[in-house]
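The structure under discussion appears below in the form of structure tokens.
Bear in mind that the values here come from a model prediction, so they are computed numbers and not experimental data. Throughout, residue positions are numbered sequentially from 1 according to the sequence presented. Values below: every heavy atom of this structure, side chains too, minus hydrogens, waters and symmetry copies.
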Amino acid sequence: MTTIRRFCCNDLLRFASVNFDHLTETFNMSFYMTYLARWPDYFHVAEGPGNRIMGYIMGKVEGQGESWHGHVTAVTVASEYRRQQLAKKLLHLLEDVSEKDKAYFVDLFVRASNMPAIKMYEKLGYVIYRRVLRYYSGEEDGLDMRKALSQDVEKKSVIPFKRPITPDELEYD
């Protein structure tokens, strides 16, 4: 049985094994603590039998006006728990929280080479909004993928950008 619950401080000492995947971005402890303190509704963990952490999602809400959106900073599932729709459940949870916060869309970044993740996101309704050149460590391109929420009635937030951009062109809040 899988339980999805809010991430808590103790989980920071127990979730390292989920981050072993080479495609998972890892951050320093203060980064995780900042998210936990500022956006606790956007940080959840999937826990299995024996209190094993199976995966987690970490995000935030940011922007202004029609750019107000939920952002998936990280979503990852340990390799032994994949193909059980955990990522889908975690993403839906973040989307629901974003809807309640009246966000216009949810976005995430994925490595351009990570085709399994891209296909999964597309099945969940995300579209490629734009390519960010050398987004990952100045080497690999990232894809900015978005899913419009009900606040974006005209679906303006998911109209694809015409050209690739560089990381310094990204707008951060």
To the nearest 0.5 Å, how far apart are [atom1] in [X] and [atom2] in [Y]?
X: Phe105; Y: Ser98; atom1: CZ; atom2: OG; answer: 10.0 Å
X: Arg52; Y: Glu47; atom1: CZ; atom2: CD; answer: 11.0 Å
X: Lys88; Y: Leu86; atom1: NZ; atom2: CG; answer: 11.5 Å
X: Asp101; Y: Tyr42; atom1: CG; atom2: OH; answer: 3.5 Å
X: Phe161; Y: Arg131; atom1: CZ; atom2: CZ; answer: 14.5 Å

Work out which heavy atom in [X] is nearest to a heavy atom in [Y]; give both atom names and the distance.
X: Ile159; Y: Tyr129; answer: O-CE1, 3.0 Å
X: Lys89; Y: Gln84; answer: NZ-O, 4.3 Å
X: Pro167; Y: Leu133; answer: CD-O, 3.0 Å
X: Tyr121; Y: Val75; answer: OH-CG1, 3.4 Å
X: Gly70; Y: Ala103; answer: N-CB, 3.7 Å
X: Ala112; Y: Glu140; answer: N-OE2, 3.6 Å

[X], [atom1] atom: more than 12 neighbouring heavy atoms under 6.0 Å:
X: Glu154; atom1: CD; result: no
X: Arg38; atom1: CZ; result: no
X: Lys155; atom1: NZ; result: yes
X: Gln85; atom1: CD; result: no
X: Arg83; atom1: CZ; result: no

Does some side-chain heavy atom of [Y] sit less than 4.5 Å from a side-chain heavy atom of [X]?
X: Asp11; Y: Cys8; value: yes
X: Leu36; Y: Cys9; value: yes
X: Phe31; Y: Thr73; value: yes
X: Phe7; Y: Ile57; value: no

Residues Glu169, Arg130: salt bridge by 4.0 Å N-O rule:
no

Are any of the side-chain nitrogens in Arg146 or Asp152 under 4.0 Å away from the carboxylate oxygens of its partner?
no

Please report the C-alpha distance between Met120 and Leu91 in whole Å, then the side-chain angles of each, then the deciding distance to 0.1 Å, and finally whether the side chain to side chain contact (heavy atoms under 4.5 Å, CB included) criterion is met.
CA-CA 11 Å; Met120 178 192 71; Leu91 284 161; 4.2 Å; yes

Evaluation steps, side chain to side chain contact (heavy atoms under 4.5 Å, CB included), between Glu95 and His92:
CA-CA 5 Å; Glu95 292 163 10; His92 283 322; 3.1 Å; yes

Sub-3.5 Å donor-acceptor pair from the side chain of [X] to the main-chain atoms of [Y], do we have one?
X: Asp107; Y: Met145; value: no
X: Arg82; Y: Val77; value: yes
X: Lys147; Y: Leu124; value: yes
X: Glu99; Y: Ser150; value: yes

Indicate whether any N or O donor in one side chain lies under 3.5 Å from an N or O acceptor in the other, for Tyr136 and Asn114.
no

Picking from Leu143, Leu170, Asp141, what satisfies side chain to side chain contact (heavy atoms under 4.5 Å, CB included) with Val132?
Leu170

When you group the ILVMFWY residues by side-chain heavy-atom contacts below 4.5 Å and let the links chain together, are [Y] and [X] in the same group?
X: Met115; Y: Leu108; answer: yes
X: Ile128; Y: Val158; answer: no
X: Tyr126; Y: Leu93; answer: yes
X: Val127; Y: Phe109; answer: no

Would you call the rings of His69 and His71 parallel, tilted or perpendicular, taking 30° and 60° as the class edges?
perpendicular

Parallel, tilted or perpendicular: which describes the rings of Phe43 and Tyr56, with under 30° parallel and over 60° perpendicular?
tilted

Side chain to side chain contact (heavy atoms under 4.5 Å, CB included) between Gln151 and Trp68, worked out
CA-CA 10 Å; Gln151 194 76 9; Trp68 180 249; over 6 Å; no

Residues joined to Val153 in its hydrophobic cluster, side chain to side chain under 4.5 Å directly or through other members, sorted by chain and number, are none

